[in-house]
Amino acid sequence: MKSEPQEFSIHDLQRKGKALWDGVRNYQARNMLRDEMRVGDRALFYHSNAGGETGVVGEMTIANAAYPDPTQFQIHHKYFDPKSSPENPRWVAVDVAFEKAFPRLIPLSLLKQKKRLAGMPLLKRGNRLSIMKLTKTEYDYITTLANSV
DNA sequence: GCCAACGTTGGC
DNA sequence: GCCAACGTTGGC
């Protein structure tokens, strides 16, 4: 799950313990939040658009299944969507819980070097989704990298 | 700041 | 439904 660290970082999540993962405004990503995420699922936290600090930074778990993203109804919020309504909400959010911050960032450049990660949507050309599935094998391998880099 | 690659909007 | 224009994402 991607977030720009200047917006919301792993350290923000660490401080809060639990947080609303809001602002997803892409249908494909929304469908994954809504249809595929269950309480207890594990997720990697990815810092996007972070200059030299772009990459995977930690782990979290899904603490609450998808429900309507409250920010879509807040007129002055940057995630406000005038086309959405409480009766017919368009966007959903989940709650995430902090698990761990890696001792150091796993840079995107390193992920790209690993042949066994080549199938990850994150590394596919042109992919801009902020929510992506990964296999258990990929997940475990990345957490291994976190401990060995 | 640049720009490729998308996604969305809206005229027709 | 087509498609041009525009907006966004996100790596570099």
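Convention: sequence-line order gives letters A, B, ...; per-chain numbering from 1. Because the structure is a prediction, the values reported are computed rather than measured.
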**Q** From CG of A:N26 over to C1' of B:dC6, roughly how many Å is that when rounded to an integer?
**A**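 Spelled out: CG on A:N26 to C1' on B:dC6 is 9 Å.
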**Q** What's in the same ILVMFWY side-chain cluster as A:I75, cut-off under 4.5 Å, chained through other members?
**A**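 Besides A:I75, the hydrophobic cluster comprises A:F80, listed by chain and residue number.
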**Q** Roughly, in whole Å, what's the span from NE2 in A:H47 to P in C:dG11?
**A**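 Result: 12 Å.
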**Q** Do the side-chain N or O atoms of A:K2 get closer than 4.0 angstrom to the phosphate oxygens (OP1, OP2) of C:dG10?
**A**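 Answer yes for this pair, as a side-chain N or O of A:K2 is under 4.0 Å from OP1 or OP2.
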**Q** Return the value, rounded to whole Å, for the distance between atom CZ of A:R90 and atom P of B:dG7.
**A**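 Computing the A:R90:CZ to B:dG7:P distance gives 16 Å.
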**Q** Below 4.0 angstrom, which residues in residues 114-132 of chain A have at least one non-hydrogen atom near DNA chain B?
**A**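 Here the set is A:R125, A:G126, A:R128.
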**Q** Is it true that the side chains of A:T135 and A:E138 contain a donor and an acceptor less than 3.5 Å apart?
**A**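 A:T135 vs A:E138: donor-acceptor pair found between side chains.
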**Q** Please table the atom pairs, donor to acceptor, closer than 3.5 Å between any side-chain atom in residues 53-61 of chain A and protein atoms at least two apart or in another chain.
**A**
unit_1	atom_1	unit_2	atom_2	d
A:T54	OG1	A:A50	N	3.1
A:T54	OG1	A:G51	O	3.2
A:E59	OE1	A:R42	NH2	3.3
A:E59	OE1	A:Y139	OH	2.6
A:T61	OG1	A:E99	OE2	3.1

**Q** If the plane angle is over 60° it's perpendicular, under 30° parallel, otherwise tilted; pick one for A:W91 and A:Y27.
**A**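 Answer is tilted, since the angle falls between 30° and 60°.
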**Q** Does atom CD (A:Q28) have a neighbourhood of more than 12 heavy atoms from anything else shown, all under 6.0 Å?
**A**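 Atom CD in A:Q28 is not crowded, with 12 or fewer foreign heavy atoms closer than 6.0 Å.
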**Q** Could you check if a side-chain atom of A:D69 sits within less than 4.5 angstrom of a side-chain atom of A:V24, using non-hydrogen atoms only?
**A**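 They are not in contact (no side-chain heavy atoms under 4.5 Å apart), so the answer is no.
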**Q** Provide, to the nearest angstrom, the distance between the CD atom belonging to A:Q6 and the C1' atom belonging to C:dT9.
**A**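 Atom-to-atom, A:Q6 to C:dT9, this comes out as 12 Å.
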**Q** Which is more 5' along DNA chain B, the nucleotide nearest A:N49 or the one nearest A:R25? Just name the residue.
**A**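 It is A:N49, whose closest nucleotide lies nearer the 5' terminus.
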**Q** Can you tell me which nucleotide in B:dT8, C:dC12, C:dG10 comes closest to the side chain of A:Y27?
**A**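 Nearest listed nucleotide: B:dT8.
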**Q** Less than 3.5 Å apart, any donor N or O on the side chain of A:S48 or A:E4 sitting next to an acceptor on the other?
**A**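 A:E4 and A:S48 do not have a side-chain donor-acceptor pair below 3.5 Å.
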**Q** Measure the distance from CG on A:L111 to P on C:dG10 and round it to the nearest whole Å.
**A**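 Those two atoms, CG and P, are 15 Å apart.
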**Q** What integer distance in Å separates A:R30:CZ from B:dG7:C1'?
**A**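 My rounded result for the distance is 14 Å.
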**Q** Please report the distance, rounded to the nearest Å, between CG in A:L110 and P in C:dG11.
**A**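 A:L110 atom CG is separated from C:dG11 atom P by 15 Å.
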**Q** To the nearest Å, give me how far apart CG (A:L108) and P (C:dT9) are.
**A**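 Rounded to the whole Å, the gap is 18 Å.
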**Q** Does C:dG11 have OP1 or OP2 sitting under 4.0 Å from an N or O in the side chain of A:Y46?
**A**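 For C:dG11, OP1 or OP2 has a side-chain N or O of A:Y46 closer than 4.0 Å.
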